[in-house]
S.K.: 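The structure's right below; bear with me while I get my questions together.
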Amino acid sequence: MDAVVVPMEHGLALAAVLFSIGLIGVMVRRNIILILMSVEVMLNACGLAFIVAGAKWGAADGQIMFMLILSIAAAEVVVGLGLLLQVHRRVGSIDIDETSRLRG
Amino acid sequence: MSVELFLFYLAATVSLVSTILALTRYNATHALIYLIISLLASAIIFYLVGAPFAAVLEVVIYAGAIMVLFVFVVMILNLGARGDDLEHQWLKPGMWLFPGLLCLILFLEMIYVLSGSSQNLAGTVVTPKEVGIKLYGPYVLAVEIASMLLLAGLIGAYHLGRRYLVDSRKES
């Protein structure tokens, strides 16, 4: 199958809008799980921008950058969810405002 | 506007709608379902613009592995009979209607694209072979760095997941 020639501006605009949604999610939501999911949305939007830009030039570099973003997302989500479990054990809640006082 | 370009805009719309729905849910389980649909829509977009390898990785690693991790944690946080009741209450049949509809759109799109009837637009497809050659050629240092990052993530998760972190703190 041949690839569809998508206007690069539209692909990048989609990535920008998805990133903005994720950013708003990080700032607005107070549930730690939802915040982590918003970060995932932002990382995915970055990957989308790389893929679209790489497809514009027919280069493999965009996909390689996407794979690196994928590994970053995996590492980030593992550490984030580990922190979430610790917060849940200590505070008994997954509301991020409960952890606003970080005492040693 | 050609049919193939319409497919891109359809997938983009599904992606936007499901992402917005995901991040506005009060319930983490519902949000996860919509987020998985959003990632599947991204995979369709990747395939359409000529990155089949990235599309497969998106489904296998993002929607498969990372989202399953989220599901595990959501399930860990509400164990027991109370959790079962809550889940029964959250995953009502009516709740599946809209996610099912979005999934159906993506599924039909995938069937149409894979049936091979779309061959009239000539863009370049970057095959997995080209990606692999470049990944282990000029980008081999990035692979090493990514492996170190994943090792750091593994150690961090092991450290943070220990139960006795809490106990040692109480003793001191």
Side-chain angles (χ1 to χ4, degrees), chain A residues 1-7 10-11 13-14 17-18 21-22 24-25 28-29 31 33-34 36-38 40-41 43-45 47-48 50-52 54-68 70-79 81-86 88-90 94, chain B residues 4-5 7-9 12 15-16 19-20 22-23 28 31-32 35 38-39 42 45-46 48-51 53-54 57-58 61-62 65-66 69-70 73-74 76-77 113 116 118-119 121-126 130-131 133-135 139 142 146 149-150 152-154 156-157 159-161 163 165-166:
Chain A
M1 182 208 134
D2 290 327
V4 183
V5 180
V6 175
H10 294 182
L14 174 66
V17 172
L18 282 177
I21 294 171
I24 293 170
V28 171
R29 296 306 302 251
N31 184 330
I33 294 182
L34 265 298
L36 279 175
M37 285 166 65
S38 308
E40 290 300 306
V41 168
L43 283 169
N44 189 44
L48 181 67
F50 270 117
I51 294 276
V52 170
K56 162 83 172 172
W57 308 108
D61 306 62
Q63 294 191 46
I64 290 166
M65 286 301 157
F66 173 73
M67 288 164 69
L68 296 180
L70 211 60
S71 57
I72 290 171
E76 173 260 335
V77 82
V78 158
V79 173
L81 289 175
L83 280 172
L84 189 155
L85 288 178
Q86 282 295 328
H88 183 69
R89 268 181 214 149
R90 288 180 186 219
I94 50 171
Chain B
E4 284 77 13
L5 207 51
L7 289 180
F8 168 76
Y9 290 117
S15 167
L16 282 177
T19 308
I20 291 173
L23 298 188
L32 272 173
L35 191 58
S38 160
L39 295 174
S42 301
I45 292 174
F46 290 169
L48 284 176
V49 299
F53 190 50
L57 284 181
E58 177 92 2
I61 297 182
Y62 244 124
I66 297 182
L69 216 56
F70 272 103
V73 169
V74 170
I76 284 173
L77 292 187
V113 169
S118 53
Q119 295 218 329
L121 282 175
T124 47
V125 173
V126 182
E130 293 170 51
V131 177
I133 288 172
K134 243 191 171 160
L135 186 61
Y139 283 100
L149 180 73
L150 288 175
L154 180 71
H159 176 70
L160 289 172
R163 194 169 284 276
L165 270 184
V166 178

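So that the names make sense, note that chain A is the first sequence line, chain B the second, and so on, each numbered from 1.
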S.K.: CE/M67(A) to CG/L135(B) distance, rounded to the nearest 0.5 angstrom?
M.R.: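 Separation between the atoms: 4.5 Å.
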S.K.: Minimum heavy-atom separation for S38(B) to T19(B), with atom names?
M.R.: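 Minimum heavy-atom contact is OG-OG1, 3.0 Å.
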S.K.: Side chain from CB out, backbone as N, CA, C, O: work out which of these in L69(B) comes under 4.5 Å of a heavy atom of chain A, or both, or neither.
M.R.: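 For L69(B), the contact with chain A is made by backbone and side chain together.
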S.K.: Quick one: does Q86(A)'s side chain have a donor or acceptor within less than 3.5 Å of a partner on L160(B)'s backbone?
M.R.: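 Between the backbone of L160(B) and the side chain of Q86(A) there is a qualifying donor-acceptor contact (under 3.5 Å).
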S.K.: Under 4.5 Å from any heavy atom of chain B, what part of E76(A) do you find: side chain, backbone, both or neither?
M.R.: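 The answer is neither part of E76(A).
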S.K.: H10(A) vs Y9(B) aromatic rings, parallel, tilted or perpendicular, using cut-offs 30° and 60°?
M.R.: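 H10(A) and Y9(B): tilted rings.
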S.K.: From S42(B) OG over to L18(A) CG, what is the distance, rounded to the nearest 0.5 angstrom?
M.R.: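 These two atoms lie 6.5 Å from each other.
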S.K.: Based on non-hydrogen pairs under 4.5 Å, which of A45(A), A59(A), G54(A), G22(A) is most in contact with chain B?
M.R.: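 Between A45(A), A59(A), G54(A), G22(A), the count favours A59(A).
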S.K.: At a heavy-atom separation under 4.5 Å, does I45(B) approach chain A through its side chain, its backbone, both, or neither?
M.R.: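 Contact with chain A is through the side chain of I45(B) alone.
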S.K.: I20(B), L39(B), L57(B): which one forms the most heavy-atom pairs within less than 4.5 Å of chain A?
M.R.: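 Of the options given, most contacts go to L57(B).
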S.K.: Go through L48(A), V41(A), N31(A) and name the one with the most non-hydrogen pairs under 4.5 angstrom from chain B.
M.R.: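 So the answer, after comparing L48(A), V41(A), N31(A), is L48(A).
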S.K.: Counting only heavy atoms closer than 4.5 Å, note whether I61(B) contacts chain A via side chain, backbone, both or neither.
M.R.: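 Interface part for I61(B): side chain.
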S.K.: Which one of V79(A), L70(A), V77(A) has the most heavy-atom pairs closer than 4.5 Å to chain B?
M.R.: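 Of the options given, most contacts go to L70(A).
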S.K.: Would you please name every residue forming a side chain to side chain donor-acceptor pair (under 3.5 Å) with K56(A), sequence neighbours left out?
M.R.: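 Checked K56(A) against side chain to side chain donor-acceptor pair (under 3.5 Å); zero matches.
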S.K.: Kindly give the heavy-atom pair with the smallest separation between K134(B) and A60(A), and that separation in Å.
M.R.: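 Answer, listing the atom of K134(B) first, then A60(A): CD-CB, 4.2 Å.
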S.K.: Could you walk me through whether Y62(B) and L43(A) pass the side chain to side chain contact (heavy atoms under 4.5 Å, CB included) test, one step at a time?
M.R.: CA-CA 11 Å; Y62(B) 244 124; L43(A) 283 169; 3.6 Å; yes
S.K.: At a 4.5 Å cut-off on heavy atoms, which part of Y139(B) comes close to chain A: side chain, backbone, both, or neither?
M.R.: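 For Y139(B), the contact with chain A is made by the side chain alone.
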S.K.: What part of L154(B) is in contact with chain A, defined as an atom under 4.5 angstrom from a non-hydrogen atom: side chain, backbone, both or neither?
M.R.: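 For L154(B), neither part sits under 4.5 Å from chain A.
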S.K.: Are side-chain heavy atoms of Q63(A) and F46(B) found at a separation under 4.5 Å?
M.R.: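 No. Closest side-chain heavy atoms not under 4.5 Å.
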S.K.: Give the member of L32(B), V74(B), I133(B) that has the highest number of heavy-atom pairs under 4.5 Å with chain A.
M.R.: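 The option with the most such pairs is L32(B).
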S.K.: Using a 4.5 angstrom heavy-atom cutoff, name the option from A152(B), A22(B), G156(B), A31(B) with the most pairs to chain A.
M.R.: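 Winner by heavy-atom pair count: A31(B).
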S.K.: For chain B, which of I21(A), I33(A), L36(A), N44(A) has the most heavy-atom pairs under 4.5 Å?
M.R.: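 Of the candidates given, the most pairs with chain B belong to N44(A).
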S.K.: Counting only heavy atoms closer than 4.5 Å, note whether V73(B) contacts chain A via side chain, backbone, both or neither.
M.R.: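 V73(B) touches chain A through side-chain heavy atoms alone.
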S.K.: Among G153(B), A54(B), A146(B), which residue has the highest count of heavy-atom pairs closer than 4.5 Å to chain A?
M.R.: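 Top count of heavy-atom pairs under 4.5 Å with chain A: A54(B).
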S.K.: I'd like to know which of V28(A), L85(A), L34(A), I24(A) tops the heavy-atom pair count under 4.5 Å against chain B.
M.R.: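 Of V28(A), L85(A), L34(A), I24(A), L34(A) has the most heavy-atom pairs under 4.5 Å with chain B.
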S.K.: Find the distance between CG (L48(B)) and CG (L5(B)) and round it off to the nearest 0.5 Å.
M.R.: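 Reported to 0.5 Å precision, the distance equals 9.5 Å.
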